[in-house]
Amino acid sequence: MENQANTLFSSFDSEEITFFADLILPIPVPKLFTYRVPRGMADDIKIGARVIVPFGKKNGRVLTAIVAKLHNTPPATYQARYINELLDEIPLTTSYQLELFGWISEYYMCCIGEVMNVALPSGLKISSQSKVQFNPDFDYPELLTEFEEVLLTELKKHSALSYEELERLMGEGSNAAAIIKSLIGKKAIIVFEEVREKYVPKMVRKVRLNRNYEEREQLLVLLQRLEKLPKQQEVVMRYLSHVPLQRTPSLNQKGLDKTILNQDDELSQSSLSTLIKNQVFETFEIIQPRFSDNDAGLPQVEIKLTDAQRSASSQIMAQFESQNIVLLHGITGSGKTEVYIDLIQQALNSGSQVLYLLPEIALTTQIVVRLQRVFGDTMGIYHSKFSDNERVEVWKGVVSGQYQFVVGVRSAVFLPFDNLGLIIVDEEHETSYKQHDPAPRYHARDVAIMLAHWQQAKVLLGSATPALETYYQAKQGRYGLVELFQRFGEATLPNITLVNVQQEKKQKTMKNEFSSALLGALEANMERKEQSILFQNRRGYSPYMQCEDCDWTAECPNCAVSLTYHQRDAELRCHYCGHKESVPRLCPTCGSTKVKTIGFGTEKLEDQLQIFFPQSRVLRMDLDTTRAKNAYQQIIQEFEGGQVDILVGTQMITKGLDFDNVSLVGIFDADRLIHFPDFRATERAFQMITQVSGRAGRRAGRQGTVLIQTSNPQQPVLQKVIDNNYKGLYEEELKERQDFNYPPFSRLIKLTIRHTDRAISHQAAQRLAAELTDALGSSRVLGPEEPLVERIRNQFLFDILIKIEREKVNIKAVKTFIQDRINDILTDKGLRQVSIVADVDCL
DNA sequence: AGCACGCCGACT
DNA sequence: GTCGGCGTGCTC
């Protein structure tokens with residue numbers, strides 16, 4: 001009997017299939033969540049579409065999720081909830097992206113929801129707002145306070161109100177939130193979540209002539225009728241001057257921006273309204289793409305390659321026959337961009353999509369304008385300085401096919417491409433391709449390589465100073481290698497000279513931070529009306545403030561670092577947590593007046609330049625001067641304009657900037673770059689110094705000059721910079737890396753353990769390190785070790801570094817093992833409040 | 001992540 | 001005696 005019933009029911013079920021969807025939710029929980037698909041949604045729901053789901057105990061909390069899987073297996077241990085709403089008929093994410101999300105979460109040891117969170121522009125995640133409504137079933141079983149009555153009366157006047165609206169209606173300080181709370185308790189009101197898309201298309205109001213007047217005779221009649229109304233006639237004439245519908249009548253349907261017609265005076269505005277009222281004109285609204293205007297006026301330019309560039313381009317194409325990844329090693333100023341453009345055009349002509357990745361700072365108008373001249377509005381731009389609405393438009397433009405080509409930063413690897421033919425990673429060695437703080441801690445170059453792999457696209461990595469790892473792959477034959485060792489046009493590489501600061505100090509020829517050699521060169525350069533760039537990789541005025549009489553140094557109360565003195569704002573600042581305090585006039589411990597600044601940053605250099613060269617114009621470019629939205633652009637444009645003599649900056653001036661008139665580069669404190677306590681310090685120093693030097697003498701004319709101030713000119717890396725000897729540096733570094741089993745011979749995973757109590761942090765780190773050493777061996781596990789800055793925001797840090805060789809090890813299994821050990825610790829009673837972060841392929 | 005539930009200090 | 005602190009556990 002029972003059996004029969006079951007069969008009956010299951011056959012019944014199979015006809016009315018119940019659908020379930022496994023969803024990616026934007027939360028840091030390492031799994032998918034299963035929801036029921038409402039019957040009416042079953043036909044339309046697709047993998048990759050966004051849905052809205054209720055989540056958590058509190059009824060009303062909703063999240064935007066992505067459909068990862070559709071099936072009909074009910075979950076065994078719980079009752080699945082229903083999906084609320086389907087947002088996309090056409091999925092906004094491709095199957096490639098879902099595969100990519102999965103790969104990233106596995107490889108970089110994070111949750112898939114965290115990947116979704118950084119991948120989707122927040123405009124594609126819906127926002128929900130709590131709204132309050134009068135409960136129609138409420139029949140006053142309880143007494144209400146006076147305030148509650150007032151609020152209820154307000155609510156009855158409206159269908160629903162938000163907390164903010166109620167607050168406003170009730171008056172300032174009315175404590176509406178508390179009243180709402182008590183009314184909820186009395187069941188007098190209902191709270192619900194109103195969900196809406198954040199993305200709002202930009203609408204433009206347009207006008208066009210009524211259809212009747214599109215014909216010539218009718219139009220003449222109209223104009224005649226308006227003879228006596230000159231103002232109205234003028235408006236019509238103005239419209240006709242913008243829309244020549246005599247020649248092309250179809251133009252009328254596109255209409256004209258309303259603002260163009262009533263630009264100047266109020267009279268024409270009222271005339272226009274009259275004309276609209278009399279149905280001569282009609283108004284309508286259209287969606288205006290946010291990018292459409294930007295490039296309208298740019299003339300299309302054809303790119304001509306030099307022989308060297310043409311040869312590089314065809315070598316790359318030839319290598320793509322047998323390699324999926326090619327490294328273009330081209331010296332600074334060799335004109336790699338033209339080679340890229342040539343390859344991009346070829347890829348686009350073959351009908352596939354192209355992605356061009358650049359580090360944030362290099363993605364200025366300089367490069368964008370150049371590309372727009374060639375590709376016009378088929379090119380999308382994906383930049384973190386763009387608004388969310390703009391990013392959603394690029395996203396949708398990629399889905400719709402409007403943008404076959406996108407130039408963008410790190411996060412552009414998450415765009416919904418489905419037919420990539422070519423990915424270019426420019427300035428491939430740039431560390432800003434690695435995301436540091438929120439998970440996923442991904443490297444855009446490596447993600448790009450995976451993305452290309454799935455879509456059978458080719459990858460071109462470009463750099464004047466390739467990452468050691470990349471060059472190694474090329475040397476091993478796993479990547480192709482093409483070299484471009486000739487500067488563009490007549491230009492030659494700059495002449496690099498070392499300036500011995502120790503010696504000048506002895507001879508007393510230093511003026512503050514400036515050697516006489518550098519001052520002389522700056523002066524001569526200004527006389528020639530040529531521009532100079534000065535590089536010091538430290539912002540602020542000085543990194544220390546110290547008392548000469550006692551040992552007191554200004555320190556951050558929350559972090560284990562000294563405070564940096566910022567003269568412009570007359571304050572001491574912590575560069576780790578943002579703590580600020582005023583500058584003490586007297587030493588806080590001994591009361592001495594001899595409180596001095598020690599060391600120098602960009603601000604101090606800027607200051608001293610004004611003293612040495614009062615006539616000169618100096619600009620500073622660092623984090624502090626580029627906070628504002630368009631600050632980069634402004635500084636770069638101003639410097640390009642030529643009214644500025646000297647640009648002082650931190651590493652952000654090293655990245656791909658291209659100025660015609662710069663012939664001198666000065667580098668301060670090269671020693672600090674070289675002696676940074678990190679196994680990559682030499683490589684970094686070489687890259688940084690070579691890159692800044694490359695800003696000099698980029699156009700034919702005079703050879704550029706680079707002066708490097710150092711206390712020890714004997715350091716081998718400096719000689720290699722002078723000789724532009726990348727290969728020498730590579731050989732030497734590689735030996736070191738092999739001896740100590742660092743990348744490219746191993747993969748690194750850094751675990752950072754954090755807690756407000758140093759003892760607990762240390763205990764957790766030690767236990768974790770011990771367990772890992774046990775399983776992996778002591779040669780693979782380093783630490784725990786206190787990092788250089790051992791306390792940040794009052795959290796005590798410990799690092800464990802894991803080195804796993806590249807060959808013959810199941811790295812996936814190792815990661816799983818590490819994650820399991822981390823989870824063990826996080827479930828331990830005494831240690832569970834520690835935070836442990838894994839950084840795979842840490843830099 | 002957010003949110004609720006739950007057990008211990010300073011307050012009407 | 002309560003309001004609220006944040007430790008703990010869960011979310012389909």
Side-chain angles (χ1 to χ4, degrees), chain A residues 18-39 41-42 45 47 49-87 98 101 104-105 108-120 122 124-130 163 175 177-182 184-185 191-193 195 198 435 437-441 754-757 759-761 763-764 793-795 822-838:
Chain A
T18 311
F19 266 121
F20 294 90
D22 291 352
L23 306 178
I24 304 171
L25 300 195
I27 50 168
V29 176
K31 60 176 180 183
L32 299 175
F33 287 78
T34 305
Y35 280 79
R36 292 186 87 150
V37 180
R39 205 151 293 168
M41 207 184 277
I45 194 165
I47 288 174
R50 294 173 305 148
V51 291
I52 293 174
V53 293
F55 185 73
K57 289 220 173 72
K58 187 192 162 210
N59 232 32
R61 188 183 172 202
V62 291
L63 294 173
T64 308
I66 295 176
V67 180
K69 217 192 234 174
L70 289 166
H71 58 86
N72 48 23
T73 320
T77 54
Y78 55 87
Q79 185 71 40
R81 292 169 88 173
Y82 275 106
I83 293 172
N84 281 353
E85 211 177 315
L86 175 65
L87 287 176
L98 295 181
F101 288 8
I104 289 178
S105 71
Y108 289 106
M109 298 176 72
C110 67
C111 303
I112 199 155
E114 293 174 308
V115 183
M116 171 187 168
N117 247 339
V118 296
L120 260 63
S122 48
L124 287 180
K125 295 170 234 163
I126 51 93
S127 65
S128 74
Q129 193 184 26
S130 296
Y163 276 59
N175 203 7
I179 303 167
I180 291 168
K181 205 173 164 190
S182 79
I184 295 169
V191 177
F192 65 99
E193 260 349 78
V195 178
K198 271 194 207 163
Q435 168 140 324
D437 199 17
R441 297 173 173 78
R754 242 189 295 161
H755 194 268
T756 45
D757 184 332
I760 292 176
S761 185
Q763 197 193 334
R793 290 171 204 272
N794 281 322
Q795 301 245 302
I822 292 174
N823 293 343
D824 281 355
I825 288 185
L826 296 182
T827 49
D828 184 297
K829 270 260 182 270
L831 303 173
R832 67 175 61 188
Q833 319 93 308
V834 297
S835 102
I836 303 178
V837 163

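Just so it is clear, the values below take in all heavy atoms, side chains as well, and ignore hydrogens, waters and symmetry mates. Residue numbers start from 1 in every chain, and the chains themselves are labelled A, B, ... in the order their sequence lines are given, proteins ahead of strands. Keep in mind the model is a prediction, meaning the values are calculated, not measured.
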### Task
Just call it for Tyr35(A): base, sugar-phosphate, or nothing, with non-hydrogen atoms closer than 4.0 Å on any strand.
sugar-phosphate
### Query
Under a criterion of less than 4.0 angstrom to any heavy atom of chain A, what are the 5'-terminal and 3'-terminal contacting nucleotides of DNA chain C?
dT8(C) to dC12(C)
#### Entry: Rounded distance in Å - CZ (Phe55(A)) to P (dA1(B))
13 Å
### Task
Compute whether any side-chain donor of one residue and acceptor of the other, for Thr756(A) and Asn794(A), lie under 3.5 angstrom apart.
no
### Message
Ignoring hydrogens, what is the shortest heavy-atom contact between Thr64(A) and Pro26(A)? Give both atom names and the distance.
### Response
O-CD, 3.1 Å
### Query
With no hydrogens and no angle check, is any side-chain donor or acceptor of Arg61(A) less than 3.5 Å from a backbone partner on Lys57(A)?
no
### Task
Looking at every strand, decide which applies to Arg36(A) at a 4.0 Å heavy-atom threshold: base, sugar-phosphate, or nothing.
nothing
### Query
Would you say Tyr35(A)'s side chain and Pro54(A)'s backbone share a donor-acceptor pair under 3.5 angstrom?
yes
### Message
If we check side chain to side chain contact (heavy atoms under 4.5 Å, CB included) with Phe33(A), which of these qualifies: Ile27(A), Ile24(A), Asp22(A)?
### Response
Ile27(A)
### Message
Any heavy-atom pair between the side chains of Ile836(A) and Val834(A) that's under 4.5 Å?
### Response
yes
#### Entry: Close side-chain approach of Glu85(A) to Val51(A), heavy-atom, < 4.5 Å
no
#### Entry: Phe33(A) CZ - dA1(B) C1' separation (whole Å)
11 Å
### Task
Check each residue of residues 20-28 of chain A for a non-hydrogen atom within less than 4.0 Å of any atom in DNA chain C, then write out the ones that pass by number, or none.
none
### Query
So, Lys125(A) side chain and Asn117(A) main chain: donor-acceptor pair closer than 3.5 Å or not?
yes
### Sugar-phosphate, base or nothing in reach of Val29(A), heavy atoms under 4.0 Å
base
